[in-house]
Amino acid sequence: MPSFLVLNGPNLNLLGTRQPDVYGSTTLSDIEADCVTYGTEKGISISCLQSNHEGELVDAIHAAKGTFSGIILNAGAYTHTSIALRDAISSVELPVIELHLSNIHAREEFRHTSYIAAVVIGQICGFGSAGYRLAIDALLGHLK
Ligand code: CA2
């Protein structure tokens with residue numbers, strides 16, 4: 001059975017509590033529960049982790065090697081800053097899907113650059129919480 005890690009970065013623990021116009025009103029717990037439910041329907045084991053700390057995200061990516069078939073990563077603001085996350089993704093040689101709730105290309109200029117885009121299999125953005133199901137389908141399709 002494939003197993004996916006759904007990894008969420010800084011401030012995503014606040015989902016559903018503030019800025020619903022940008023990020024929607026669904027909480028991270030709701031999203032994680034839905035990922036697990038959808039994974040079960042598709043025959044995938046899903047584990048979820050959120051951290052506000054760059055090093056913990058790096059550690060989680062390293063630890064995913066040998067445990068998970070792939071990673072769905074919403075790196076939050078670290079998307080636009082983190083060479084460490086990019087290097088971690090490159091080092092594990094696991095398929096990673098970059099995910100954003102918002103359409104980062106339609107927002108401020110600084111969000112248009114992703115340091116991780118070049119080392120992931122693809123990017124999903126702008127579909128809100130529905131993007132997580134899209135990412136599960138995309139990762140499953142990539143592995144088949
Ligand atoms: O659209 C996304 O998913 C982002 O990864 C979210 C990040 C942002 O820095 C990226 O540019 C795009 C920010 C997550 C902050 O989440 C909040 C949720 C509720 C209230 C405040 C922040």
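When a ligand or atom number is given, it counts from 1 through the structure's own listing order.
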(message) Can you confirm, on distance only, whether ligand 1 has an N/O atom lying under 3.5 Å from any N/O atom belonging to Ser102?
(response) yes
(message) I'd like to check which ligand 1 atoms, numbered from 1 as shown, lie under 4.0 Å from a non-hydrogen atom of Arg18.
(response) 19 (C), 20 (C)
(message) Can you report which non-hydrogen protein atom sits closest to atom 11 (O) of ligand 1, along with the distance?
(response) His80 NE2, 2.7 Å
(request) Please answer whether the main-chain N or O of Gly76 pairs with a side-chain N or O of Thr79 as donor and acceptor at a distance below 3.5 Å. (result) yes
(message) Would Arg111 count as being in polar contact with ligand 1, using the rule that some N or O on each side must be under 3.5 angstrom apart?
(response) yes
(request) Could you tell me which non-hydrogen atom of Glu56 sits nearest to which non-hydrogen atom of Ser51, and how far apart they are? (result) OE1-OG, 2.7 Å
(message) I'd like to check Ile124 versus Glu98 (side-chain heavy atoms, cut-off strictly below 4.5 Å). Are they in contact?
(response) no
(request) Answer with side chain, backbone, both or neither: which part of Ile104 has a heavy atom less than 4.0 angstrom from an atom of ligand 1? (result) side chain
(message) Hydrophobic clusters here meaning ILVMFWY residues chained together by side-chain heavy-atom distances under 4.5 Å, can you tell me if Val120 and Tyr115 are in one?
(response) no
(request) Would you please classify the geometry between the Phe110 ring and the His80 ring as parallel, tilted or perpendicular, with 30° and 60° separating the classes? (result) perpendicular
(message) Please list the nearest protein heavy atom to atom 15 (C) of ligand 1 with its residue and the distance rounded to 0.1 Å.
(response) Asn11 CB, 3.6 Å
(message) Students should be able to answer this: which protein heavy-atom is nearest to atom 21 (C) of ligand 1, and at what distance?
(response) Gln19 OE1, 3.5 Å
(request) Give a yes/no verdict on whether any heavy atom in Thr79 is under 4.0 Å from an atom of ligand 1. (result) no
(message) Is it the case that the side chains of Gln123 and Ser114 hold a donor-acceptor pair, with the cut-off being a distance below 3.5 Å and no angle test?
(response) no
(request) Would you check whether Thr17 has a nitrogen or oxygen atom less than 3.5 angstrom from a nitrogen or oxygen atom of ligand 1? (result) no
(message) Any heavy-atom pair between the side chains of Leu134 and Leu99 that's under 4.5 Å?
(response) no
(request) Identify the protein heavy atom lying closest to atom 4 (C) of ligand 1, giving its residue, its atom name and the separation to 0.1 Å. (result) His100 ND1, 3.7 Å
(message) Quick check: closest heavy atoms across Ile61 and Leu85, and the distance to 0.1 Å?
(response) CD1-CD2, 3.7 Å
(request) Provide the number and element of each atom of ligand 1 under 4.0 Å from a heavy atom of Ala77. (result) 9 (O)
(request) For atom OH of Tyr38, decide whether the heavy atoms of other residues, nucleotides or ligands shown that lie under 6.0 angstrom number more than 12. (result) yes
(request) Please write down residue, atom name and distance for the protein heavy atom closest to atom 13 (C) of ligand 1. (result) Tyr23 OH, 3.4 Å
(request) Classify the contact between Asn74 and ligand 1 as side chain, backbone, both or neither, using a heavy-atom distance cut-off of under 4.0 Å. (result) side chain
(request) Among all protein heavy atoms, pick the one closest to atom 2 (C) of ligand 1 and tell me residue, atom and distance. (result) Leu101 N, 3.3 Å
